[in-house]
Engineer: 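Submitted below is the structure of interest, expressed as structure tokens.
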Amino acid sequence: MRWVFYSVIALVTLVVIVPLAILAVVCAMAWPKLPDLDFLTDYQPRIPLRVYTADGFLIKKIGEERRAIVKIENVPNMLKQALVAAEDKRFYEHRGIDLSGVVRAALANLRGKRQGASTITMQVARNFYLSRERAFQRNLHQMLLPLKIERNLSKDQILELYINQIYLGQRSYGFETAARTYFGKSLGELTLAETAMLAGLPKGPSSLNPIVNPRGAKKRRRYVLERMRDLRFIDEDAYQAAIEEPLQIVPKDAGRDDPSDLSAVHAEYVAEMAHRIAVEKYGERATRIGLKLITTITRAEQAAANDALRQGVMDYDRRHGYRGPEKYISLPEGELDGGIINGELDEAREADERLRDYGDLLLAVVVDASPKEVTVFRNGEFIRIAGKGLSFASPMLKSDAPQARQLRRGALVRIRNGGGNKGWELTQMPEVDAALVSIDARTGAVRALVGGFDFSRNQFNNVTMARMCAPDIECPTSPWNMAATYAVFANDGYRVDPFMVMEIRDVNDKTLARFDTKTAGKDAPRVSDARNPRIMNSMLQKVGSRALNRKDIASKSGTSGDHTDAWFCGYNPAIVAVAWVGFPIPRNMGHGETGETAALPIWNDYMRSALADVPETSSPRQKASSRSRTRR
């Protein structure tokens with residue numbers, strides 16, 4: 001029997017004692033290398049990258065953090081209890097790692113029920129330190145850092161850090177900011193139900209917040225309230241009252257750019273290009289050190305480009321008819337209230353993230369439909385649409401319309417308010433896409449750039465990435481490159497490269513980089529004898545003079561052989577602009593859809609605005625002819 005005893009001892013030593021000894025040695029070696037905790041107690045929030053127009057208007061903040069600091073003594077006890085209930089019921093008992101929670105989670109996972117064991121202290125460590133470390137080092141530090149934090153900070157200090165720094169969705173960091181973002185209140189003004197909803201956000205700040213996912217947020221709120229009741233932080237009456245409280249959040253666009261705000265600059269594709277330039281030059285820190293990128297675009301011309309492209313795309317879409325609702329949801333028979341409709345709509349949105357507003361194309365639910373009137377529901381309001389507002393969609397209101405495309409109860413549709421006497425109308429999201437870019441013909445500075453119909457729908461930048469094919473143009477060429485090519489004709493034979501960032505400044509407004517331009521006729525390289533562009537101008541002015549009724553316009557339209565691309569390039573001595581229309585996945589655009597039909601209207605609308613205050617300019621050839629006549 002002695003050999004059995006010694007075998008057991010050897011086995012225990014091999015399986016338990018040796019691994020524990022090795023782990024102890026590894027931990028002892030790793031402990032001095034753990035990050036210093038000064039970063040925790042003296043944390044500085046990141047300063048976002050800002051992108052501006054040439055005339056000083058803010059386009060976008062990238063990497064912005066909404067943050068407000070609140071001292072632990074000013075945090076309502078109700079929030080502390082909700083957090084402990086939701087995230088870490090033994091927070092005031094453990095020393096950073098809850099061993100009983102680890103065992104419980106392990107057993108649950110073995111039974112196929114996924115369960116975490118992350119304490120509040122572990123979340124603080126993870127949020128501040130562990131995002132970029134290698135796997136083994138990260139796992140080791142994730143175990144040791146909470147222990148170090150607990151040895152050096154009090155429970156109140158740890159909870160204060162957690163309450164102020166954790167990300168809670170919608171660019172909001174900390175619970176005070178989240179309270180204002182979602183409810184328009186400070187922490188001290190929140191109800192129990194609102195507090196519980198916020199306390200449930202750390203589990204899924206992007207997927208469970210009440211703006212993106214009201215249904216999921218309510219479900220999570222109920223869980224937090226149940227935990228608070230089970231831990232006797234609240235009684236049954238308070239629990240029942242809280243779960244029955246309606247969800248009332250601030251309007252979705254509160255605190256964001258208002259699409260109807262005339263002072264806003266909608267240049268999302270420009271902002272993304274500027275962001276990439278900054279990251280290429282300064283790395284990932286570019287979005288947190290307060291850089292300012294000054295672009296070459298102006299607010300007025302960018303607005304003209306946006307309006308022109310959007311109208312051109314919508315006009316094309318209307319020429320090809322109404323396709324029917326985007327989806328259908330189930331609505332019960334009889335009179336409906338907003339709560340029932342919103343519940344079904346929330347479920348549909350969870351399954352399809354495309355079911356959201358796009359600019360002025362608003363999502364709504366049909367609750368009643370006839371050939372003479374359609375009633376839709378949106379944001380708690382029943383809207384009746386009749387007369388001209390039904391004209392576009394009228395084919396799908398007929399009794400013989402295809403069942404899969406018919407406008408009927410439960411249909412998800414797009415509506416738009418035309419304003420004034422136009423009122424509400426039924427419309428749809430266009431499938432076709434487009435692009436418009438204009439540059440200064442003498443320097444290449446971008447004056448306006450719109451890479452697609454809606455950046456939130458598709459971030460693919462058609463200006464720089466779309467490829468156009470035509471018999472006289474080489475194909476993988478883009479509107480960006482086309483603008484550079486036509487600038488040679490506009491400026492009498494000089495090559496200028498398009499660019500859209502002219503200066504980068506630091507947080508103190510000190511210039512870090514300036515992108516000097518090469519100007520035609522000065523330091524830009526000549527790539528063609530002046531006679532060639534003048535001959536080309538003479539040929540292209542015959543078309544261009546009809547476009548805007550100006551003698552200084554030259555232009556060329558184009559349509560690919562299989563009618564998958566339509567484009568229009570036009571210029572005068574000051575501006576070169578290129579418009580393109582096509583589908584994201586190339587397909588035939590339809591009978592009669594050519595460069596002059598589909599792309600020219602976009603180009604026309606933009607250039608009419610851009611050249612409104614620009615006097616007609618004689619072309620180089622006209623100037624030469626005039627000088628020749630004078631000499632004779």
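Hydrogens, waters and symmetry mates are skipped; everything else that's a heavy atom, side chains included, is used.
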Engineer: Let me confirm one number: the CG-CD distance from Leu187 to Glu176, rounded to the nearest 0.5 Å.
Structural biologist: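 Going from CG on Leu187 over to CD on Glu176, the span is 4.5 Å.
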Engineer: Quick test of your reading of the model: are Glu64 and Arg50 salt-bridged, counting only N-O distances below 4.0 Å?
Structural biologist: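 Judged by the 4.0 Å cut-off on N to carboxylate O distance, Glu64 and Arg50 do not form a salt bridge.
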Engineer: If you count the non-hydrogen atoms of other residues, nucleotides and ligands that lie under 6.0 Å from CZ in Arg319, is the total more than 12?
Structural biologist: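 Correct, the count exceeds 12.
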Engineer: Do Asp315 and Gln311 have side-chain N/O donor and acceptor atoms under 3.5 Å apart?
Structural biologist: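 Side chains of Asp315 and Gln311: pair found under 3.5 Å.
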Engineer: What pairs meet the ring pair (Phe, Tyr, Trp, His ring centres under 6.0 Å) rule with one or both residues in residues 274-325, with sequence neighbours excluded?
Structural biologist: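 Output for this query lists Tyr316-His320, Tyr322-Phe392.
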Engineer: Between Asp506 and Lys292, does any NZ, NE, NH1 or NH2 come within less than 4.0 Å of an OD or OE carboxylate oxygen?
Structural biologist: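 Salt bridge flag = no for Asp506 with Lys292.
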Engineer: Are Tyr52 and Thr295 close enough that a side-chain donor and a side-chain acceptor fall under 3.5 Å?
Structural biologist: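 Not at all, the side chains of Tyr52 and Thr295 share no donor-acceptor pair under 3.5 Å.
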Engineer: Name the one of Ile553, Asn491, Leu540, Val578 that satisfies side chain to side chain contact (heavy atoms under 4.5 Å, CB included) with Tyr571?
Structural biologist: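 Of Ile553, Asn491, Leu540, Val578, side chain to side chain contact (heavy atoms under 4.5 Å, CB included) with Tyr571 is met by Leu540 alone.
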Engineer: Enter the distance from Met607:CE to Leu611:CG here, rounded to the nearest 0.5 Å.
Structural biologist: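 Atom-to-atom, Met607:CE and Leu611:CG are 4.5 Å apart.
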Engineer: Tell me every residue that passes side chain to side chain contact (heavy atoms under 4.5 Å, CB included) with Tyr269, counting only those two or more places apart in sequence or in another chain.
Structural biologist: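 Scan of Tyr269 (side chain to side chain contact (heavy atoms under 4.5 Å, CB included), adjacent residues dropped) gives Leu449, Phe455, Asn461.
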Engineer: Give a yes or no answer on whether the side chain of Asn458 reaches the backbone of Asp454 with a donor-acceptor pair at less than 3.5 Å.
Structural biologist: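 Checked: no pair found.
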Engineer: Could you check whether Tyr494 and Arg526, counting side-chain N and O atoms only, form a donor-acceptor pair closer than 3.5 Å?
Structural biologist: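 There is such a pair (donor and acceptor under 3.5 Å, judged by atom type) between the side chains of Arg526 and Tyr494.
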Engineer: Which pairs with one or both residues in residues 574-587 pass salt bridge (charged side-chain N to carboxylate O under 4.0 Å, His left out), sequence neighbours excluded?
Structural biologist: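 Found Glu431-Arg587.
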Engineer: Under 6.0 Å between the ring centres of Phe515 and Phe499?
Structural biologist: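 They do not qualify: ring centres at least 6.0 Å apart.
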